[in-house]
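To find a chain, count down the sequence lines: A is the first, B the second, and so on, and within it residues start at 1.
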Number of protein chains: 2
Amino acid sequence: MADQLSRAFAALADPTRRDLVARLAVADATVGDLAAPYDVSLQAVSKHLKVLEEAGLVSRSREAQRRPVHLEAEVFDLMTKWIERYRRQAEERFARLDAVLDSLSETGDPTAEEGTAS
Amino acid sequence: MADQLSRAFAALADPTRRDLVARLAVADATVGDLAAPYDVSLQAVSKHLKVLEEAGLVSRSREAQRRPVHLEAEVFDLMTKWIERYRRQAEERFARLDAVLDSLSETGDPTAEEGTAS
DNA sequence: CCCTTTTTCAACTGGATGGTTGAACAAAGG
DNA sequence: CCTTTGTTCAACCATCCAGTTGAAAAAGGG
């Protein structure tokens with residue numbers, strides 16, 4: 001799973017990680033702070049943050065012993081752009097309501113151009 | 001992984017499934033059509049479509065022996081709304097941070113000249 | 001220097017996932 | 001009927017992933 005988009009989607013597929021993102025949107029926080037509300041070990045949360053970091057969704061700095069976690073907006077943009085592109089395409093096709101289904105079984109024509117099928 | 005958002009993000013974490021979505025945005029297609037370009041088995045593609053279907057991203061109808069696959073826009077909306085909510089929140093916070101950095105005087109010490117005030 | 005706090009690393013475990021092959025089911029069509 | 005076409009089911013395998021516990025590293029503070 002090399003590419004960033006795959007890592008980002010996979011990172012947000014976990015409810016705990018989405019919750020971490022939601023809380024980081026409010027304020028930066030340390031690993032300990034973030035782990036407190038959950039009933040899993042601190043190490044587990046540290047792993048979740050590593051996944052988010054490798055996806056480029058968060059970054060970490062250093063401040064004494066602490067490692068404050070900060071949300072990075074850029075990759076979120078990547079994701080919405082990807083999703084919106086195809087959602088829009090699908091909706092436009094839905095709006096046209098052309099006779100795509102007719103062309104599927106015969107003539108092998110990949111691009112049906114029936115305009116006024118109704 | 002019960003909830004829809006988790007299933008949707010997980011579904012799009014796979015490059016093959018994202019490619020399927022991209023192609024389905026152009027036109028509905030059958031499993032066989034969709035499987036053709038890849039060098040994996042048709043059963044593997046069928047499994048991918050099942051994942052997309054259980055995430056609510058596609059639906060399938062019946063047409064003779066074929067099962068045309070159709071993209072559903074609704075869950076894509078759910079995803080973008082989730083992402084955009086926190087991205088916006090994070091960006092607003094970032095904008096406020098800039099404002100704070102402009103007026104550096106803060107927290108007790110009025111002669112705050114620590115740091116590289118370049 | 002030890003000691004404390006905060007975080008990460010290492011090794012292990014159970015369960016999900018993506019892939020395979022082979023058989024079965026569903027719906028025409030000879 | 002039996003065959004052909006399109007799709008799914010079942011069983012299996014390798015790998016990945018989220019969780020655990022225990023030890024170690026990093027950075028200050030007494």
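Connection of B:Val40 to B:Val21 is established within a shared hydrophobic cluster, with ILVMFWY side chains joined at heavy-atom distances below 4.5 Å, either directly or through further cluster members. Taking hydrophobic clusters as Ile, Leu, Val, Met, Phe, Trp and Tyr residues chained together by side-chain heavy-atom distances below 4.5 Å, B:Val51 does not share a cluster with B:Leu34. A:Leu5 and B:Leu24 fall within a single hydrophobic cluster, where Ile, Leu, Val, Met, Phe, Trp and Tyr are joined by side-chain heavy atoms under 4.5 Å apart, directly or via other members.
Atom CZ in B:Arg7 sits about 14 Å away from atom C1' in C:dA16, given to the nearest Å. Nucleotide C:dT8 holds its P atom 13 Å from the NZ atom of A:Lys47, rounded to whole Å. Atom-to-atom, NE2 of A:His48 to C1' of D:dG19 comes out at 8 Å; the value is rounded to the nearest Å. Between B:Asp33 atom CG and D:dG6 atom C1' there is a gap of 10 Å when expressed in whole angstrom units. Distance CD (A:Glu54) to P (D:dC16): 13 Å, rounded to an integer number of Å. Look at CZ on A:Arg66: it is 13 Å from P on C:dT8, rounded to the nearest Å. Here the C1' atom of nucleotide C:dT21 and the CG atom of B:Asp39 are 16 Å apart, to the nearest Å. The nearest whole Å value for the distance from the CG atom in A:Leu49 to the C1' atom in C:dT6 is 13 Å.
Place B:Leu42 and A:Asp14 on DNA chain D by their nearest nucleotides, and B:Leu42 ends up nearer the 5' end. Mapping A:Ser41 and B:Arg67 onto DNA chain D by nearest heavy atom places B:Arg67 closer to the 5' end of the strand.
Shown here are the side-chain contact (heavy atoms from CB on, under 4.5 Å) partners of A:Ala25, two or more places apart in sequence or in another chain: A:Leu71, B:Tyr86, B:Gln89. Under the salt bridge (Lys or Arg N to Asp or Glu O under 4.0 Å) criterion, A:Asp28 pairs with B:Arg93, not counting sequence neighbours. Taking the salt bridge (Lys or Arg N to Asp or Glu O under 4.0 Å) definition, one finds that A:Arg18 meets it with B:Asp3, sequence neighbours left out.
Of the residues in residues 16-32 of chain A, those with a non-hydrogen atom less than 4.0 angstrom from any atom of DNA chain C are A:Thr30, A:Val31, A:Gly32.
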Produce the list of close N/O pairs, under 3.5 Å, pairing protein atoms with atoms of nucleotides 23-30 of chain D; give distances to one decimal.
residue	atom	partner	partner atom	Å
D:dA27	OP1	A:Arg62	NE	3.3

Determine all donor-acceptor pairs shorter than 3.5 Å in which one atom belongs to a side chain in residues 74-82 of chain B; sequence neighbours excluded.
residue	atom	partner	partner atom	Å
B:Asp77	OD1	A:Arg87	NE	3.4
B:Thr80	OG1	B:Phe76	O	3.1
B:Thr80	OG1	B:Asp77	O	2.9

Residues 56-67 of chain A side chain polar contacts: donor-acceptor under 3.5 Å, at least two apart:
residue	atom	partner	partner atom	Å
A:Ser59	OG	A:Glu72	OE2	2.8
A:Arg60	NH1	A:Glu53	OE1	2.6
A:Arg62	NH1	A:Ala64	O	3.1
A:Arg67	NE	A:Ser61	O	3.1

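The side chain to side chain donor-acceptor pair (under 3.5 Å) pairs that include a residue from residues 39-48 of chain B are B:Arg17-B:His48, where partners are two or more places apart or lie in different chains.
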